[in-house]
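A short worksheet on the structure shown next.
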Amino acid sequence: MTADQDPAPTADQDLALLRRWNTTLLAARAGREGPDPAPYGRNLLSRWAEPQRRYHTVAHLRAVLDRIDELADQGGEGGELELVRLAAWFHDAVYRPDRSENEERSATLAEKALTEAGLTPHEVSEVARLVRLTTTHDPAAGDLNGETLCDADLAILATDPDTYRGYTTAVREEYAFVPEPDFRKGRAAVLRQLLDLPRLFRTPYGAAAWEERARENLERELAELADMSGKN
């Protein structure tokens, strides 16, 4: 079992997630007419269950949605929470570890699906913008929707050391096709980029509850990568 993951999702868990999707899309439509949300949700769940995924799975989707709820329960940041939740559903809906345009393709999927599903042009545009923002996790100051989604997506970095190690193991499994030296070099660059950010978490709650532990985990992993490189 890897980070953010339960054992293989059960039918009940999938049904619970599908209900969350239906509730979110209907709330975003705010009473406007539109097609049945369920087929869109089932399509997304099938995408999140593709076999090439080890970390970017249904369990990760569930964890991001839970962290959005946690941020909202802690006072939230305002913004349009239903659109943030929809962006969570789409943010890794297209995921191939050997491709670099996953966020863009996921955003394009959101634009097509949510237009069909009855959202307004503004709503569709905002969800797609949020999906694209997960490329950098660097929302502008005052971007309440972006801050909430990015904090929820990065919350895995602030888990306990064992869970964090499971996360890094799952990421390595997704990139099994990359030779070990190349993976270590690329992963170290990602870690340094994150550590160079003035703040990993932009919401007040995320900064207070998650920042310190996340930096400890990142620094520990970076040191371990350097140690492994030194031994080879």
Side-chain angles (χ1 to χ4, degrees), residues 4 16-48 56-95 101-156 199-207 210:
D4 273 7
L17 266 179
L18 184 60
R19 283 196 291 263
R20 289 173 80 169
W21 161 263
N22 292 345
T23 298
T24 298
L25 183 57
L26 291 173
R29 280 206 312 233
R32 298 187 303 270
E33 291 296 322
D36 181 3
Y40 297 92
R42 286 193 289 268
N43 178 272
L44 285 166
L45 286 173
S46 70
R47 290 173 176 275
W48 283 91
H56 295 87
T57 64
V58 171
H60 172 59
L61 168 62
R62 187 184 302 111
V64 173
L65 292 171
D66 288 346
R67 297 294 78 76
I68 292 170
D69 290 347
E70 183 178 349
L71 288 165
D73 289 344
Q74 294 297 326
E77 291 302 297
E80 300 161 293
L81 281 172
E82 301 308 334
L83 300 185
V84 175
R85 292 184 176 104
L86 289 174
W89 275 89
F90 280 97
H91 82 285
D92 286 320
V94 177
Y95 184 75
E101 70 277 14
N102 291 313
E103 291 86 359
E104 181 59 34
R105 294 176 68 203
S106 295
T108 300
L109 177 67
E111 289 168 335
K112 181 177 186 296
L114 293 177
T115 298
E116 292 178 358
L119 267 63
T120 68
H122 159 74
E123 292 162 345
V124 172
S125 177
E126 178 62 2
V127 172
R129 182 188 75 83
L130 292 171
V131 172
R132 292 184 173 103
L133 188 58
T134 61
T135 306
T136 62
H137 294 96
D138 190 17
D143 179 1
L144 305 182
N145 292 342
E147 289 174 350
T148 301
L149 178 63
C150 289
D151 276 17
D153 195 27
L154 292 181
I156 182 62
R199 286 173 55 183
L200 292 166
F201 299 101
R202 308 302 180 86
T203 65
Y205 177 78
W210 299 335

All heavy atoms of Ala117 vs all of Leu25, minimum pair found to be CB-CD2, 3.9 Å

Straight-line distance of Asp36 CG to Leu26 CG, nearest 0.5 Å = 8.5 Å

Please check if the side chain of Arg199 supplies one atom and the backbone of Phe201 the other of a donor-acceptor pair under 3.5 Å.
-> yes

Looking only at non-hydrogen atoms, find the nearest pair between Leu71 and Gly206 and report the distance.
-> CD2-N, 4.2 Å

Which atom of Phe90 lies closest to which atom of Ser106, heavy atoms considered = O-CB, 3.2 Å

Which residue, Leu144, Asn145, Val64, forms the side-chain contact (heavy atoms from CB on, under 4.5 Å) with Val84?
-> Asn145

Determine yes or no for a side-chain-to-main-chain donor-acceptor pair under 3.5 angstrom, with Arg202 supplying the side chain and Asp143 the backbone.
-> no

Check Val124 against Ala110 and note the closest heavy-atom contact, atom names and distance.
-> CG1-O, 4.4 Å

Quick one: CG on Leu45 to OH on Tyr40, what's the gap to the nearest 0.5 Å?
-> 15.0 Å

Tested for side-chain contact (heavy atoms from CB on, under 4.5 Å) against Pro139, the lone hit among Leu133, Leu130, Thr148 is Leu133

Decide yes or no for Arg32 and Thr120: does some side-chain heavy atom of the first lie under 4.5 Å from some side-chain heavy atom of the second?
-> yes

Would you mind reporting whether Val94 and Glu104 have side-chain heavy atoms less than 4.5 Å apart?
-> no

Could you walk me through whether Thr108 and Glu111 pass the side-chain contact (heavy atoms from CB on, under 4.5 Å) check?
-> CA-CA 5 Å; Thr108 300; Glu111 289 168 335; 4.2 Å; yes

For Leu109 and Val131, run side-chain contact (heavy atoms from CB on, under 4.5 Å): C-alpha distance rounded to whole Å, both residues' side-chain angles, the deciding distance at 0.1 Å, then the answer.
-> CA-CA 10 Å; Leu109 177 67; Val131 172; over 6 Å; no

Could you check whether the rings of Trp48 and His60 sit parallel, tilted or perpendicular, using 30° and 60° as the cut-offs?
-> tilted

With a 4.0 Å cut-off, would you call Asp92 and Arg47 a salt bridge?
-> no

Any Lys/Arg nitrogen of Asp153 or Arg67 sitting under 4.0 Å from an Asp/Glu carboxylate oxygen of the other?
-> no

Which atom names give the shortest non-hydrogen contact between Leu86 and Ala28, and what distance separates them?
-> CD1-CB, 3.8 Å

Closest non-hydrogen contact found for Arg29 with Leu119 is CG-CD1, 3.9 Å

Any Leu65 side-chain heavy atom under 4.5 Å of Thr24 side chain | no

Given Leu61 and Leu44, is the side-chain contact (heavy atoms from CB on, under 4.5 Å) satisfied, shown in steps?
-> CA-CA 10 Å; Leu61 168 62; Leu44 285 166; over 6 Å; no

Starting at CZ of Arg132, measure out to CZ of Arg129 and round the result to the nearest 0.5 Å.
-> 11.0 Å

Are the side chains of Arg85 and Glu82 in touch, meaning some heavy atoms are under 4.5 Å apart?
-> yes

So do Leu114 and Glu123 actually touch side chain to side chain, heavy atoms under 4.5 Å?
-> no

Between the CG atom in Leu17 and the CZ atom in Arg42, the distance rounded to the nearest 0.5 Å is 13.5 Å

Would you please test His91 and Glu103 for side-chain contact (heavy atoms from CB on, under 4.5 Å) and show each step?
-> CA-CA 7 Å; His91 82 285; Glu103 291 86 359; over 6 Å; no

Salt bridge between Asp66 and Arg20, side-chain N to carboxylate O under 4.0 Å?
-> yes

